Amino acid sequence: MEKLTREEKKARRLEQRRLEKEQAAEERLLEKKRDLVYKDTIALQKRSEKEEKIAPADSFISLQHINKIYGNHVQAVFDFNLEIKKNEFIVLVGPSGCGKSTTLRMVAGLENITSGDLYIDGVYANNLEPKDRNLTMVFQNYALYPHMSVYTNMAFGLKMRKFPKAEIDRRVHAAAKTLQLEEYLDRKPGELSGGQCQRVALGRAIVRETGVFLMDEPLSNLDAKLRVQMRSEIVALHEAIGATTIYVTHDQTEAMTMATRIVVMKGGYIQQIGTPKEVYNNPTNTFVATFIGSPAMNILTAEYDHGKLRLANGFEIALPSSFVKGHDAFYFAQEAEIEEKIAALRAELEDPELGESLKQIHLDEINKLEENAAKFRLIAESKCHPIKLGIRPEDVYESGEPTEATKLTASMEVEVFSAEYLGKEYFVHADVGEERLIAKLSAKKDIAAHEKISLCFDLGKIHLFDEITTNSIPAVE
């Protein structure tokens, strides 16, 4: 054990106090900045609300430049823009804390919108009460009344709205038939399974016969087998009743199997919007690439050198001409795109009503963009720089294995770190330099840890990502 002199102990205490003071000063400065951003954002929203509001003609639900800043000045959602058509099944997906549930609650009217515009079925909805938005919400914890029967739980909302008894009875029995709950109408929630309770919660939403369903992680409390069953039931229900659905989940499998379109979020920002196939096959950045798909896409550090990639272990890949063209077009276009962004930000700075804090945010963004423009200029000229290579595990093959891939890279010998046997296939983990590669290989022959195997990549399925922005570099035919 280290022994310290009195002077050394005193010096350490003084250093600790100094660090604590510096941290406290930084936190005070950050809080002051957040406070100014909040006040300036509120001021802009008040000015915006005085302007005429015209709903977009081609959207059923429209979220335009939505921001959410809480009372403690922490911002949860940044500039959220989404146009939803009638009868779409939209899934908001992302890790915990990304702002997806907050966004859903703003649509529901359970959270105030700090700034931005929300339209529902042609109506400006920012200031509408939840009961006036013609939507229903299904919560994660079902929110059933334990002392009431299934029938009474489903009918409760209609009774509160003074619907005629005959109409309530018709709606409850129709929903029960759709959800296969007819024989459980006299039971209480405590006598039902988790899946049946979830159906009751859905039934309570169905009887409202509204145009919009909002679902906040409704399957997270169910076991894996029941989640699979309920996924298909919710999709079938959506198609049967023709409602517009916004569904929140952190489970990318739910997003891929249920959505008409997926909205991937991270840190309060939208990362990508697209169909499941678009998001899976053409991720816009490394976050989307690794978040969507199981196992996640492999992201390997490489050196781009005039049309060739060199991995950390020295393995070289000669890129097809479409990727070389895409690389050159991407980097030559970056400087021009950045200049456009800078020009737009400078134009906004001319607004006399833009608050000082928002001006500073714009100036910081301009400085960052100018730095990136200089980096991109050098890359475009040198054509030799670090880059990220993406390849999904199912697009990695063992040399000699029959494959539908049109063109494979040369073989790369690796040592197996571990091999997970899953019946028809192995998930093989191997090291490429200091990075881990996962390959989804056939289980026709045994694969064991520490075994040497040769792997190759499907050249038609590789992805390139810029190291500075992490954005995808698309191929150009």
Side-chain angles (χ1 to χ4, degrees), residues 30-31 33-35 37-42 44-46 48-49 59-84 88-120 124-143 201 205 212-221 244-252 254-255 258-259 261-273 279 287-288 291-292 358 361:
L30 179 60
E31 178 59 27
K33 287 181 179 178
R34 286 174 173 171
D35 183 42
V37 169
Y38 178 74
K39 289 177 179 177
D40 289 344
T41 303
I42 291 292
L44 279 178
Q45 180 63 12
K46 286 181 178 178
S48 171
E49 288 180 349
S59 294
F60 185 62
I61 299 175
S62 176
L63 295 96
Q64 301 178 2
H65 303 291
I66 299 293
N67 290 278
K68 177 61 182 178
I69 306 176
Y70 285 103
N72 60 0
H73 306 148
V74 172
Q75 188 157 357
V77 178
F78 298 80
D79 198 30
F80 188 100
N81 292 278
L82 178 64
E83 304 297 328
I84 302 173
E88 272 198 291
F89 196 117
I90 299 293
V91 177
L92 307 184
V93 64
S96 296
C98 71
K100 54 189 185 295
S101 289
T102 301
T103 302
L104 191 76
R105 290 172 66 83
M106 284 191 285
V107 175
L110 303 178
E111 295 275 4
N112 293 326
I113 295 171
T114 308
S115 69
D117 298 323
L118 170 67
Y119 298 90
I120 300 176
Y124 181 67
N126 279 47
N127 302 316
L128 283 182
E129 292 295 324
K131 64 183 177 61
D132 299 324
R133 299 190 182 202
N134 193 32
L135 49 79
T136 52
M137 190 160 180
V138 180
F139 295 92
Q140 179 178 348
N141 61 358
Y142 317 142
V212 182
F213 278 6
L214 306 180
M215 301 188 183
D216 191 3
E217 304 204 40
L219 307 184
S220 60
N221 291 332
T244 304
T245 302
I246 307 177
Y247 186 103
V248 162
T249 181
H250 62 272
D251 186 336
Q252 56 92 16
E254 287 183 19
M258 300 174 77
R261 285 189 297 153
I262 297 173
V263 181
V264 185
M265 296 184 68
K266 176 192 176 187
Y269 290 93
I270 292 177
Q271 302 296 306
Q272 185 171 359
I273 301 173
V279 173
F287 172 78
V288 177
F291 190 81
I292 299 295
L358 297 180
I361 289 174

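Just so you know, these numbers use all the heavy atoms, side chains as well, and skip hydrogens, waters and symmetry mates. Please read these numbers as outputs of a predicted model, since none were measured by experiment.
Every pair tested for ring pair (Phe, Tyr, Trp, His ring centres under 6.0 Å) that includes a residue from residues 94-113 fails, sequence neighbours excluded, so the list is empty.
Closest approach of Thr249 and Ala255 over heavy atoms only: CG2-N, 4.3 Å. Of all the heavy atoms in Pro130 and Gly109, the pair that sits closest is CG-O, 3.5 Å. Closest non-hydrogen pair, Leu219 versus Glu254, comes out as CB-OE2, 3.8 Å. When all heavy atoms are compared, the tightest approach of Gln271 to Val288 is CB-CG2, 3.7 Å. Minimum interatomic distance between Leu63 and Ile66 (heavy atoms only, all atoms of both residues): CB-CG1, 3.8 Å. The shortest heavy-atom contact between Tyr70 and Ala76 is CE1-CB, 3.6 Å.
The aromatic rings of Phe78 and Tyr269 sit parallel to each other, their planes meeting at less than 30°, with 60° as the upper class boundary.
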side-chain contact (heavy atoms from CB on, under 4.5 Å) evaluation trace for Ile120 with Asn134:
CA-CA 9 Å; Ile120 300 176; Asn134 193 32; over 6 Å; no
Derivation and outcome, side-chain contact (heavy atoms from CB on, under 4.5 Å), residues Phe213 and Thr136
CA-CA 5 Å; Phe213 278 6; Thr136 52; 3.1 Å; yes
Given Glu88 and Phe60, is the side-chain contact (heavy atoms from CB on, under 4.5 Å) satisfied, shown in steps?
CA-CA 9 Å; Glu88 272 198 291; Phe60 185 62; over 6 Å; no
Derivation and outcome, side-chain contact (heavy atoms from CB on, under 4.5 Å), residues Gln252 and Val279
CA-CA 11 Å; Gln252 56 92 16; Val279 173; over 6 Å; no
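Leu118 has its side chain within reach of Arg133: a pair of non-hydrogen atoms, C-beta onward, lies under 4.5 Å apart. A 4.5 Å side-chain heavy-atom check between Asn127 and Glu49 finds at least one atom pair inside the cut-off. Side-chain atoms of Ser59 and Tyr119, non-hydrogen and from C-beta on, never get closer than 4.5 Å to each other. Using a 4.5 Å cut-off on side-chain heavy atoms (C-beta onward), Gln272 and Ile292 make no contact.
For the atom pair CE (Met215) and CE (Met258), the distance works out to 7.0 Å, reported to the nearest 0.5 Å. Once rounded to the nearest 0.5 Å, the distance linking NZ of Lys68 with OG1 of Thr103 reads 10.5 Å. Note: Ile270 CD1 to Cys98 SG = 10.5 Å, rounded to the nearest 0.5 Å. Note that the OG1 atom of Thr245 and the CG atom of Leu135 stand 11.5 Å from one another [nearest 0.5 Å]. From His73, atom NE2 reaches atom OG1 of Thr114 across 10.5 Å, with rounding to the nearest 0.5 Å. We find the CD-NE2 distance between Glu217 and His250 to be 5.5 Å, quoted to the nearest 0.5 Å.
Between the Asn126 side chain and the Gly116 main chain, a donor and an acceptor come within less than 3.5 Å of each other. No donor-acceptor pair closer than 3.5 Å links the side chain of Arg261 to the backbone N or O of Ile273. A side-chain donor-acceptor contact under 3.5 Å links Asn81 to the backbone of His65. With Lys100 contributing its side chain and Leu92 its backbone, the two residues share no donor-acceptor pair below 3.5 Å.
More than 12 non-hydrogen atoms from other residues, nucleotides or ligands lie less than 6.0 angstrom from CG of Asp132.
Partners of Arg105 under the salt bridge (charged side-chain N to carboxylate O under 4.0 Å, His left out) rule, at least two apart in sequence or in another chain, are Glu111.
No hydrogens or angles considered: a donor-acceptor pair under 3.5 Å links the side chains of Glu83 and Ser62.
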